[in-house]
Peer 1: 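Quick one: the structure is below, and I'll ask about it shortly.
One-based numbering, in listed order, for ligands and for the atoms of each. Starting from 1, each residue takes its place in the sequence as its number.
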Amino acid sequence: MSAAPRPSVAIVGAGIAGATCARALADAGFAVQVFDKSRGVGGRMASRRAEWTGPDGSAQPARFDHGAPGFEARSEAFVRVVEAAERDGVLARWAPVIDQDGRLGRDDVPQWVPTPDTPALCRALLADLPLVTGCTVDTLRREPGGWSLEAGGDRVAHGVDSVVVAIPLPQAAVLLAPHRPDWAGRARAVAMRPCWTLMAVTDAPAPLPAWDLAQPSTGPTGLIVRSDARPGRTRVPGRAHWVVHASETWSRAHVEDAADDAQAHLQAALAQHVGQPLAWHHASAHRWRYAHAPADAAVPGLCDWDADASLGACGDALGGAGVEGAWLSGRALAARLVARYREAARA
Ligand SMILES: Cc1cc2nc3c(=O)[nH]c(=O)nc-3n(C[C@H](O)[C@H](O)[C@H](O)COP(=O)(O)OP(=O)(O)OC[C@H]3O[C@@H](n4cnc5c(N)ncnc54)[C@H](O)[C@@H]3O)c2cc1C
């Protein structure tokens with residue numbers, strides 16, 4: 001970029017798509033501001049703190065990665081990035097022992113796990129960038145002086161050259177509808193899959209399971225993760241930390257259930273899979289209404305970009321699903337903005 005004023009970009013969403021886009025734009029010289037409705041960054045690469053009471057009555061901290069437990073990198077570009085993050089200590093390889101209905105095995109493709117917790121990758125990308133958390137952007141206005149963003153009736157940014165919407169498509173549709181009804185209509189039609197998730201601390205079963213990750217093919221659970229057996233996590237002697245994802249079918253059928261009911265079902269299913277009663281110290285359930293994007297919702301170019309309005313959208317659904325799809329989408333949108341401003345600078 002030249003000495004001309006830096007183009008400014010407001011990015012809504014600090015998940016991996018928004019964080020990737022923000023980092024690429026900041027590195028290219030853009031003035032970036034990021035907004036997220038949550039208290040922290042990471043989005044569906046999330047973790048949650050909890051507390052349980054130890055035998056001596058003391059408060060014991062626990063931390064659960066209740067979003068993506070790990071992810072794969074298949075494209076050459078993403079493999080390069082994750083290997084660099086591994087060298088920086090932000091990601092670790094995970095080759096879990098997998099139990100599929102009693103058959104133990106390992107996948108050929110490594111899983112990547114951010115350390116010490118799942119949001120670490122987004123935190124690293126956003127490290128020195130202006131970030132406002134706890135801010136739910138509900139209106140985008142295009143005004144003569146640029147874009148403005150509003151949250152709960154307050155203007156949180158104004159006079160911004162470009163806006164990037166990096167949130168799950170059903171939520172993005174609300175922001176995009178006044179400006180790009182065609183994108184919003186497409187976004188509403190994408191069937192995101194829900195996932196109920198159980199986070200639990202129990203006494204360690206004896207013996208400990210021979211697996212790190214189980215994928216039962218029957219019952220309500222789709223995935224059982226021995227959370228503290230993942231790389232970079234602390235094991236508490238005598239205890240086991242679990243994250244259980246309900247199957248897609250069960251999550252869809254029970255999406256409107258109360259959290260207590262979902263929790264009770266998943267606790268019972270976990271004990272059944274482990275094959276013995278469990279002594280519970282903590283249990284809670286979280287519903288992800290928009291956990292997974294379908295792989296076939298990807299768009300040509302892996303993002304939406306309107307150069308006239310200087311408005312873009314990125315995220316897992318547009319980029320091909322999962323963490324890698326979201327990363328590809330955020331990166332693709334940043335490239336479109338950089339190209340547009342380089343062209344304008346040459347003209
Ligand atoms: C339980 C679970 C298991 C998963 N397992 C895997 C897996 O094994 N492998 C894999 O590759 N992927 C997995 N995924 C999917 C993966 O986590 C997502 O595809 C990816 O993280 C999506 O990133 P994103 O940046 O597109 O969106 P998000 O991570 O959803 O980020 C969007 C951000 O926008 C914020 N936001 C939303 N609305 C607003 C608003 N109006 N204003 C401000 N901020 C807003 C949110 O708080 C969030 O931080 C899993 C997801 C879940 C939930």
Peer 1: Nearest non-hydrogen contact with atom 40 (C) of ligand 1 belongs to which option: V225, V137, T20, T133?
Peer 2: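 Residue with the shortest heavy-atom distance to the ligand atom: V137.
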Peer 1: In the protein, which heavy atom is nearest to atom 25 (O) of ligand 1, and how far is it?
Peer 2: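 Of every protein heavy atom, A17 N, 2.9 Å lies nearest to atom 25 (O) of ligand 1.
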Peer 1: Taking R23 as the fixed residue, which of V32, D128, V34 is the one that meets the side-chain contact (heavy atoms from CB on, under 4.5 Å) rule?
Peer 2: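 Exactly one option meets the side-chain contact (heavy atoms from CB on, under 4.5 Å) with R23, and it is D128.
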Peer 1: Does a salt bridge link R180 with D304, judged by any charged N lying under 4.0 Å from a carboxylate O?
Peer 2: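 No, R180 and D304 are not salt-bridged.
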Peer 1: Run the numbers for me: atoms of ligand 1, each under 4.0 Å from some heavy atom of F71, listed by number.
Peer 2: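 Once the distances to F71 are compared, the set is 11 (O).
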Peer 1: Under 4.0 Å between a side-chain nitrogen and a carboxylate oxygen: does that hold for R233 and D65?
Peer 2: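 Between D65 and R233 there is a salt bridge, with a charged N closer than 4.0 Å to a carboxylate O.
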Peer 1: Please identify which atoms of ligand 1 are closer than 4.0 Å to at least one heavy atom of P168.
Peer 2: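 Those qualifying, in numeric order: 30 (O), 32 (C).
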Peer 1: Between C135 and ligand 1, find which residue part has any heavy-atom pair under 4.0 Å and reply side chain, backbone, both or neither.
Peer 2: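 Under 4.0 Å from ligand 1, C135 contributes backbone atoms alone.
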Peer 1: From atom 20 (C) of ligand 1, work out which of P69, G322, G43, P170 has a heavy atom at the shortest distance.
Peer 2: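 Considering heavy atoms of P69, G322, G43, P170, the nearest to atom 20 (C) of ligand 1 sits in G322.
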Peer 1: Is A293 touching ligand 1 with its side chain, its backbone, both, or neither, if touching means heavy atoms under 4.0 Å apart?
Peer 2: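 Neither; no heavy atom under 4.0 Å.
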Peer 1: Return the closest protein heavy atom for atom 8 (O) of ligand 1 as residue, atom name and distance.
Peer 2: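 Checked against all protein heavy atoms, atom 8 (O) of ligand 1 sits closest to G70 O, 3.3 Å.
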Peer 1: Do me a favour and list the nearest non-hydrogen protein atom to atom 21 (O) of ligand 1 with residue, atom name and distance?
Peer 2: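 Among all protein heavy atoms, the one nearest atom 21 (O) of ligand 1 is M45 CG, 3.6 Å.
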Peer 1: How far is atom 51 (C) of ligand 1 from its nearest protein heavy atom, and which residue and atom name does that atom have?
Peer 2: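 For atom 51 (C) of ligand 1, the nearest protein heavy atom is A291 O, 3.5 Å.
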Peer 1: Can an N or O of A326 be found at a distance shorter than 3.5 Å from an N or O of ligand 1?
Peer 2: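 Such a contact does not occur with ligand 1.
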Peer 1: Can you confirm whether S251 sits close enough to R193 that some side-chain heavy atom of one is under 4.5 Å from a side-chain heavy atom of the other?
Peer 2: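 They are not in side-chain contact.
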Peer 1: Below the 3.5 angstrom mark, is there an N/O of K37, backbone or side chain, next to an N/O of ligand 1?
Peer 2: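 Indeed, backbone or side chain, K37 has an N or O that close.
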Peer 1: For H273 together with W211, are the ring centres under 6.0 Å from each other?
Peer 2: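 Yes, the ring centres sit under 6.0 Å apart.
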Peer 1: Looking only at protein heavy atoms, which one is nearest to atom 32 (C) of ligand 1, and what is the separation?
Peer 2: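 Answer for atom 32 (C) of ligand 1: A166 O, 3.4 Å.
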Peer 1: Under 4.0 Å from a heavy atom of T136: which atoms of ligand 1 are those, numbered in the order shown and with their elements?
Peer 2: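 Near T136, meaning under 4.0 Å from one of its heavy atoms, ligand 1 has 41 (N), 42 (N).
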Peer 1: Is there a side-chain contact between D99 and D212 in this structure, where contact means two heavy atoms from C-beta onward sitting under 4.5 Å apart?
Peer 2: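 Answer no - side chains too far apart.
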Peer 1: If hydrogens are left out, which of H292, R287, R44, E324 has an atom nearest to atom 3 (C) of ligand 1, that is, the closest non-hydrogen atom?
Peer 2: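 When every heavy atom of H292, R287, R44, E324 is considered, H292 comes closest to atom 3 (C) of ligand 1.
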Peer 1: Is it the case that the side chain of S329 and the backbone of L302 share a donor-acceptor pair, with hydrogens and angles ignored and the cut-off at 3.5 Å?
Peer 2: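 The answer is yes, because a donor-acceptor pair under 3.5 Å joins these two groups.
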Peer 1: Quick test of your reading of the model: are R289 and E256 salt-bridged, counting only N-O distances below 4.0 Å?
Peer 2: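 So R289 pairs with E256 through a salt bridge.
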Peer 1: Going by the closest heavy atom to atom 5 (N) of ligand 1, which one wins out of A317, G315, A68, A73?
Peer 2: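 It is A68 whose heavy atom sits nearest to atom 5 (N) of ligand 1.
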Peer 1: Examine W52 together with H281 and report whether their ring centres are nearer than 6.0 Å.
Peer 2: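 Yes, the ring of W52 comes within the 6.0 Å limit of the ring of H281, centre to centre.
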Peer 1: Quick one: does ligand 1 sit under 4.0 Å from the side chain of H66, the backbone, both or neither, non-hydrogen atoms only?
Peer 2: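 Within the 4.0 Å criterion, H66 contacts ligand 1 through backbone atoms alone.
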Peer 1: What do you reckon, does G42 put a non-hydrogen atom under 4.0 Å from ligand 1?
Peer 2: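 Within the 4.0 Å threshold, so yes.
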Peer 1: Anything under 30° is parallel, anything over 60° is perpendicular, the rest tilted; go ahead and classify W147 against H179.
Peer 2: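 It falls in the perpendicular class, over 60°.
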Peer 1: Give the atoms of ligand 1, by number and element, whose distance to some non-hydrogen atom of Q171 is under 4.0 Å.
Peer 2: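 Atoms satisfying the 4.0 Å criterion: 37 (C), 38 (N).
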Peer 1: Can you confirm whether or not the ring centre of W196 sits under 6.0 Å from the ring centre of H286?
Peer 2: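 For W196 and H286, the ring centres are not under 6.0 Å apart.
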Peer 1: If you measure from the Lys or Arg side-chain nitrogens to the Asp or Glu carboxylate oxygens, is any gap between R331 and E324 under 4.0 Å?
Peer 2: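 Result for this pair is no, no salt bridge flagged.
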Peer 1: Could you check atom 47 (O) of ligand 1 against the protein and tell me its nearest heavy-atom contact, residue, atom and distance included?
Peer 2: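 Result: D36 OD1, 2.7 Å.
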Peer 1: Counting heavy atoms only, which of V323, V243, D316, L149 is nearest atom 11 (O) of ligand 1?
Peer 2: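 The nearest heavy atom belongs to V323.
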